[in-house]
There are 2 protein chains.
Amino acid sequence: MPKLVAGDIALALKKRISDGEWENGRMPPERDLADEFKVARNTVRRAVGLLEEDGTVVRQVGRGTFLAAPDPNSLAAVVARMEGTSPADMMEVRHLLEPAAAAFAATNATIGELNAVRDAYRTACEATDMPGFEHWDAEFHHRIFACSRNEFLKELHNLMRILRNQSPWFEMKKRSFSEERRLAYCDEHEKIVDALLRRDPEAARAAMTAHLGTVARNLLGR
Amino acid sequence: MPKLVAGDIALALKKRISDGEWENGRMPPERDLADEFKVARNTVRRAVGLLEEDGTVVRQVGRGTFLAAPDPNSLAAVVARMEGTSPADMMEVRHLLEPAAAAFAATNATIGELNAVRDAYRTACEATDMPGFEHWDAEFHHRIFACSRNEFLKELHNLMRILRNQSPWFEMKKRSFSEERRLAYCDEHEKIVDALLRRDPEAARAAMTAHLGTVARNLLGR
DNA sequence: CTAGATTGGTCCATTATCGGTTCAGATAGA
DNA sequence: TCTATCTGAACCGATAATGGACCAATCTAG
């Protein structure tokens, strides 16, 4: 009888896949499936062939059959996609987060934390080489997030910092670096520090917004 | 036997490491592990090789295999810390990002994307069970980020969605769910959709801000 | 300081398991 | 009957695991 068993099995397999069976990403060998479905291996092969055609599954000789769709909503997949973030997108998000973080810091920081921010600012000012300045500049921004009293915000900045330290970014930052711009950044940092020490959230927000505007212009070249 | 034993062993070892076994920082010799897992040493070597690749472990000839000092600035560590994010911190960040995303969407979305947002809104309205509503509610918010024309922003929302789908959050959302609140959310979603379809960024931003205010009150109980 | 034990690094022939292919036959429906 | 499908079996080539040997670096006991 043309039972269409293969099609049925393909459907059953799809269901079991979407139900999360075989979360390790590996399907059982065709011979085992044949036993389980009480069917010849060729039939299972047809069924799996259908899954392979529509991309649900990938087969490798000598290794096995694997689920093709690594869950696009997994943490790993999300982070992997973030690694391709464009500078423009990144700057846009920084504009959303950093001024707010500065405002939070102005109201929430302890005096010790503010001193740490000021120290990072000063060290950055004294660093004349590009990697040294880059490091303390990042540290300056990070310490502001650190006193925003929002752990998640702080970790988001950590995330952005890591992404910005990867290869394509480093080249871009090196290209856009100049002594003149370094001094401009120091000026702007100083305004931010002043606002924080005055405990003035709106001034801190405004100073940070202005600073990010400069950074964006320099980095994106406009 | 190509059963991919090495990968399984690598996973088992990772689990035992994160469970705090070998706190002295030293792993057993490969030969012992081979005995323990009833497997050839070459197989264990492969497994440990995987751990070495992703930096969980360091091997030294003649000395042994040692747990690598966890780098607090690694992506993995950052993500791990994010898993402990408090609802209050999360809501604060949502307040920073989502209104902006809605405003971006109002100006940048294609008509097809806006229809997708509207569809998600409608489906959520029709879902009366809590998991179904929860899913389409998340989908609604996600589709707004998807048409913000900022890939990084979109992935950040993906990240937040994953964090919010973990165990402590699920309980909290279930507790705060009620038919009355579901209807209120639908009303607010409608206002957002309207603003998007009118291509009015400021109205979209305001509607989203109002909605998040409601969510925060319900979730944090104030 | 030296000899021996321990550990990871490398290599290789062998064996087992996997998907890929083919084919002759059985079985049902048009 | 003709056609499509499943059966059962054999064989191929790819890949992983086995089990053993030997090397080089390191540590320890005498």
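Hydrogens, waters and symmetry mates play no part in the numbers below; they use all other heavy atoms, side chains included. Fair warning: this is a prediction, and the values are worked out from it, not measured in the lab.
For an aromatic pair to be called close, the ring centres must be under 6.0 Å apart, and A:H141 with A:H189 satisfies this.
Of the inter-residue distances, the one linking B:Y121 atom OH with B:L196 atom CG reads 12.5 Å to the nearest 0.5 angstrom. Expressed to the nearest 0.5 Å, how far CE of A:M90 lies from CE of A:M160 amounts to 6.5 Å.
Put simply, CZ on B:F37 is 17 Å from C1' on D:dT18, counting in whole angstrom units. Rounded to whole Å, atom P of D:dG19 lies 12 Å from atom NZ of B:K38. One atom, CD of B:Q60, and another, P of D:dT26, lie 8 Å apart when rounded to the nearest Å. Spacing between atom CD1 of B:I9 and atom P of D:dA16 amounts to 15 Å, rounded to whole angstrom units. Distance A:R63 CZ to D:dG13 C1': 16 Å, rounded to the nearest Å. If you measure from atom CZ of A:R59 to atom C1' of C:dT17, you get 16 Å, rounded to the nearest angstrom. The separation between A:E30 atom CD and D:dT7 atom C1' is 15 Å, rounded to whole Å. Separating the CZ atom of B:R26 from the C1' atom of C:dT7 is a distance of 8 Å, rounded to the nearest angstrom.
Among the atoms of the strands shown, only primed sugar atoms or phosphate atoms (P, OP1, OP2) are found under 4.0 Å from some heavy atom of B:V39.
Distances shown here put every side-chain N or O of A:R31 at or beyond 4.0 Å from the OP1 or OP2 atom of C:dC18. Considering only side-chain N and O atoms, B:R41 lies nowhere under 4.0 angstrom from the phosphate OP1 or OP2 of D:dT18. OP1 or OP2 of D:dA17 has at least one side-chain nitrogen or oxygen of B:R46 nearer than 4.0 Å. At C:dG20, one or more side-chain N or O atoms of A:R45 fall inside 4.0 Å of OP1 or OP2 (strictly under the cut-off). Of the side-chain N and O atoms in B:T43, none sit less than 4.0 angstrom from OP1 or OP2 of D:dA16.
The base of C:dC18 does not come close enough to the side chain of A:D32 for any donor and acceptor atom to sit less than 3.5 Å apart.
Checking D:dA9, D:dC6, C:dG19 against every side-chain atom of A:A6, the shortest atom distance belongs to D:dC6. Taking every side-chain heavy atom of A:T65 into account, C:dG19 is the closest of C:dG19, D:dC27, D:dA9. Side-chain atoms of A:N42 lie closest to C:dC23 of the nucleotides D:dA24, C:dG19, C:dC23.
Considering every non-hydrogen atom in both B:A100 and A:L96, the closest pair reads CB-CD2, 3.4 Å.
The aromatic rings of A:F145 and A:H157 lie parallel to each other, with less than 30° between the two planes, well short of the 60° mark.
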